[in-house]
Amino acid sequence: MRRTKVAELLRMDPNDQELVVMGWVRAFRNNRFIALNDGSSISNIQLVIDPELTSEEQLRRVTVGASVRASGRLVASSGSGQRVELEVAGWEILGDCDASAYPLQPKKHSLEFLRQIAHLRFRTNTFSAISRIRHSLAFAIHAFFHQRGFYYLNAPIITGSDAEGAGEMFQVTTLDLDRVPRTENGNVNYEKDFFGRRTHLTVSGQLEAELAATALGQVYTFGPTFRAENSNTPRHLAEFWMIEPEVAFADLNDNMDLAEDLLKSIIRTVMEQCQEDLDFLGRREAEEDKQKPMAERSEFPLEERLRFCLEHPFERLSYSEAIDILRNSSPNKKGKFQYPVDRWGVDLQSEHERYLVEKHFRKPVILTDYPKEIKAFYMRQNEDGRTVAAMDILFPGIGEIVGGSQREERYDVLLQRMQEMHIPVDEMYWYLDTRRFGTCPHAGFGLGFERLALFITGMTNVRDVIPFPRFPGNAEF
RNA sequence: GCCUCCUUAGCUCAGUUGGUUAGAGCGUCGGACUGUUAAUCCGCAGGUCCUUGGUUCGAGCCCAAGAGGGGGCGCCA
């Protein structure tokens, strides 16, 4: 018989239909009430069984985590915690769950503990809510681009280029590491490797996206990205997901408009589609905050933060303007910054970005026109000769969530910059070809999916918003 | 990679100046319960005090090294 999902049952009115529900026990009270969850909703359906008609043996098998099939009628609940409940006529345990061995019990568990049992943490309210939100986020992103006429581009995950410059790379090889083939002069002979050359996992689909954008007009990638950096922070993963739109005939302003529209559109969609899950995560955060000292608490509740973000334009200012603000800021004058802001040209540290976003403007900030020395080779040089048309979007509590730029479309300027920055020009002939043949102004950015998920769920560690986090020293599950 | 804090029951944590038999709450297990909402009530059990070495008459507590985890910083999304 077809099962009705819990989410659907909870929306239905009482009726005489015989319904079947399947799920996992979350709580069993008074030998009579089973709170059943099937992942379709943060809420449980209450099953009401008659203990008089049930053997002790059967009752004993109803433990937290056990899977159950039950049939019966949906009736109005006489309890106060729910509108409807299932008056059970027949039920069976599909899978027993030994409560003395099962790590999850009806009590609060720490996120650190749940991280160690990531294979089971989907079964908690917090992770099921995050999982549903993550799904809605992904769909909202595809919908946004689709509606605007972008094409979804599958950039390669294995790349032969080691010049992307976005960080340390994982090498991909089928060579026997115990018996590596050598050339005559003793180097590793990559001609014997699977692809006949040295290959890595991608650190960015941007360069490939540029190839597609300069023919298809508007494209975006949405795929996994790999960085072999030894990063140990709540904002970094070795394997994460990134969205990288690339648009032909677009400048830096178009790029900022697109990014801001995208972020707001996603937030709006998720607030509509995941109301219940957001409510739950908001309450969860509020409770966590009670345990924290005042200074570490969130200033506003989760949903208020999201709404605030929708209702106000992001603050846009240049790097130079930011430097002026930071120079004259009281923490800088009082020597509170670990890295004092003393001159134009210094790279901004986390503490500076946080001051701008969390103290000075108190909303998302887009910083533009950075010194060329601290940015990548492909960013378009401005007329002033010392800055590039870059933009970073900084979010409260998370820092950089978007990094992008208008790309250098002038062949000679790009070539010269690549040579200055020791980018192997020969290997990158294919990238330069876009500038040789019908070049055009274009722009794009990268949006970190997990960082976005952090902002929307109110979680504080990216390891908690991806199902199976990969980071230095850990690739479990 | 650097700095810093933590590691005591299944989980979250107390543990006095180094002193005899290491505690609590929750959970588990056993019992009670026909309207409960992480139900409630009664009771029992549960420990390699992260590991190794050292100091000491005596170490959960002091010292050293190692392992694991959190936070900050860097790299960045």
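All chains are named by letter (A, B, ...) in the order of the sequence lines, taking the proteins before the strands, and each is independently numbered beginning at 1.
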Spacing of the C1' atoms in B/rG19 and B/rU56 (rounded, Å): 12 Å
5'-most contact on RNA chain B (nearest-nucleotide basis), A/Glu52 vs A/Glu353, goes to A/Glu52
Those residues that, when tested against A/His119, pass side chain to side chain donor-acceptor pair (under 3.5 Å) (two or more places apart): none
Measure the distance from CG on A/Asn44 to P on B/rA39 and round it to the nearest whole Å. 10 Å
Whole-Å distance between B/rU12 C1' and A/Gln116 CD? 13 Å
ring-ring contact (aromatic ring centres under 6.0 Å, His included) contacts in which one or both residues fall within residues 452-472 of chain A, not counting sequence neighbours: A/Phe122-A/Phe468, A/Phe395-A/Phe455
Between A/Ser350 and B/rG74, is there a side-chain N or O to OP1/OP2 distance below 4.0 Å? yes
Interatomic distance at P, B/rC61 relative to B/rG71, whole Å: 27 Å
I want to check one thing: is the phosphate of B/rU36, taken as OP1 and OP2, less than 4.0 Å away from some side-chain N or O of A/Asn30? no
Using atom CD1 of A/Ile34 as one end and atom P of B/rG35 as the other, report the distance to the nearest whole Å. 16 Å
Report the distance from atom CD of A/Gln46 to atom P of B/rA39, rounded to the nearest whole Å. 10 Å
Quick one: NE2 on A/His109 to CZ on A/Arg115, what's the gap to the nearest 0.5 Å? 15.0 Å
Checking B/rG74, B/rG35, B/rG70 against the side chain of A/Ser231 (C-beta onward), the nearest is B/rG74
Donor-acceptor pair present, A/Arg451 side chain and B/rC76 base, under 3.5 Å: yes
Stacking of A/Phe33 on B/rG35 base (centres under 5.5 Å, planes under 30°): no
Can you tell me which stems RNA chain B forms when a stem means 3 or more consecutive Watson-Crick or G-U pairs under 3.5 Å? B:1-7 with B:67-73, B:10-13 with B:23-26, B:29-32 with B:40-43, B:50-54 with B:62-66
Counting any heavy atom closer than 4.0 Å, what does A/Gly403 reach on the DNA or RNA strands: base, sugar-phosphate only, or nothing? sugar-phosphate
Provide the distance between the two P atoms, one in B/rA9 and one in B/rA14, to the nearest whole Å. 12 Å
Donor-acceptor contact present, side-chain A/Arg297 to main-chain A/Asp289, <3.5 Å: yes
Go through B/rG27, B/rC29, B/rC73 for me and flag the one nearest to the A/Ala99 side chain. B/rC29
So, does A/Gln105 get its side chain near the phosphate of B/rC11, meaning an N or O under 4.0 Å from OP1 or OP2? no
Over all strands shown, is A/Ser80 touching base, sugar-phosphate only, or nothing at heavy-atom distances under 4.0 angstrom? base
Say whether, by atom type as modelled, one donor and one acceptor occur between the side chain of A/Glu351 and the main chain of A/Phe337 under 3.5 angstrom. no
At 4.0 Å (heavy atoms only), tell me whether A/Val402 reaches a base, stays on the sugar-phosphate, or touches nothing. sugar-phosphate
Taken to the nearest whole Å, NE2/A/His109 to C1'/B/rG25 is 14 Å
Can you tell me if A/Trp24 has over 12 outside heavy atoms packed within less than 6.0 Å of its CH2? no
Taking atom CZ of A/Arg470 as the centre, does the number of heavy atoms from other residues, nucleotides or ligands within less than 6.0 Å exceed 12? yes
Taking only the C1' atom of each, what is the distance from B/rC29 to B/rC44 in whole angstrom? 8 Å
Counting only side-chain N and O atoms of A/Arg60, is one of them less than 4.0 Å from OP1 or OP2 of B/rG30? no
Counting neighbours of CZ on A/Phe139 that are heavy atoms of other residues, nucleotides or ligands and sit closer than 6.0 Å, is the number greater than 12? no
Tell me the interatomic distance from A/Phe337, atom CZ, to B/rG72, atom C1', rounded to whole angstroms. 16 Å
Have a look at A/Tyr339 and say if it touches a base, only the backbone sugar-phosphate, or nothing, with a 4.0 Å heavy-atom cut-off. sugar-phosphate
Return yes if the base of B/rC76 and the side-chain atoms of A/His236 contain a donor-acceptor N/O pair under 3.5 Å, otherwise no. yes
Provide the distance between the two P atoms, one in B/rC33 and one in B/rG69, to the nearest whole Å. 47 Å
Would you indicate, yes or no, if B/rC33 has its OP1 or OP2 atom less than 4.0 angstrom from a side-chain nitrogen or oxygen of A/Arg29? no
Need one value for A/Leu447: base, sugar-phosphate or nothing, where a base atom within 4.0 Å counts as base even if backbone is also close, heavy atoms only. nothing
I'd like to know if the side chain of A/Gln46 reaches the main chain of A/Leu86, judged simply by a donor and an acceptor atom lying under 3.5 Å from each other, with no hydrogens or angles considered. no
Distance from A/Ile374 atom CD1 to A/Leu348 atom CG, nearest 0.5 Å? 6.5 Å
Can you check the A/Glu351 CD to B/rG71 P distance for me, whole Å? 19 Å
In terms of side-chain heavy atoms of A/Arg115, which of B/rG70, B/rU36, B/rC76 is nearest? B/rG70
Report the nucleotide, chosen from B/rG1, B/rG71, B/rG25, that has the shortest atom-to-atom distance to any side-chain atom of A/Lys107. B/rG25
Looking at B/rU37, does its base get a donor-acceptor pair with the side chain of A/Glu85 below 3.5 Å? no
With a cut-off of less than 4.0 Å, is there a side-chain N or O of A/Gln349 near OP1 or OP2 of B/rG74? yes
Students often get this wrong, so: under 4.0 angstrom with heavy atoms, is A/Asp50 touching a base, only sugar-phosphate, or nothing? nothing
Same-atom distance (P) from B/rG72 to B/rG60, integer angstrom: 34 Å
On a whole-Å scale, what distance lies between the C1' atoms belonging to B/rG74 and B/rU4? 15 Å
Ignoring hydrogens and angles, answer whether the base of B/rG72 and the side-chain atoms of A/Thr233 contain a donor-acceptor pair closer than 3.5 Å. no
Please work out if A/Leu237 contacts a base, only the sugar-phosphate, or nothing of the nucleic acid, heavy-atom cut-off 4.0 Å. base
Phosphate contact (B/rU36 OP1 or OP2) by A/Asn31 side-chain N/O below 4.0 Å: no
Under 3.5 Å: donor-acceptor pair, side chain of A/Arg451, backbone of A/Glu400: yes
Taking B/rA77, B/rA38, B/rU36 as options, the one with an atom nearest any side-chain atom of A/Ala27 is B/rA38
For the C1' atoms, the ones on B/rU20 and on B/rG58, what distance do you get once it is rounded to whole angstrom? 10 Å
Whole Å only: how far is the CG atom of A/Asn461 from the P atom of B/rA77? 19 Å
side-chain N/O A/Ser110 vs B/rU12 OP1/OP2, d < 4.0 Å: yes
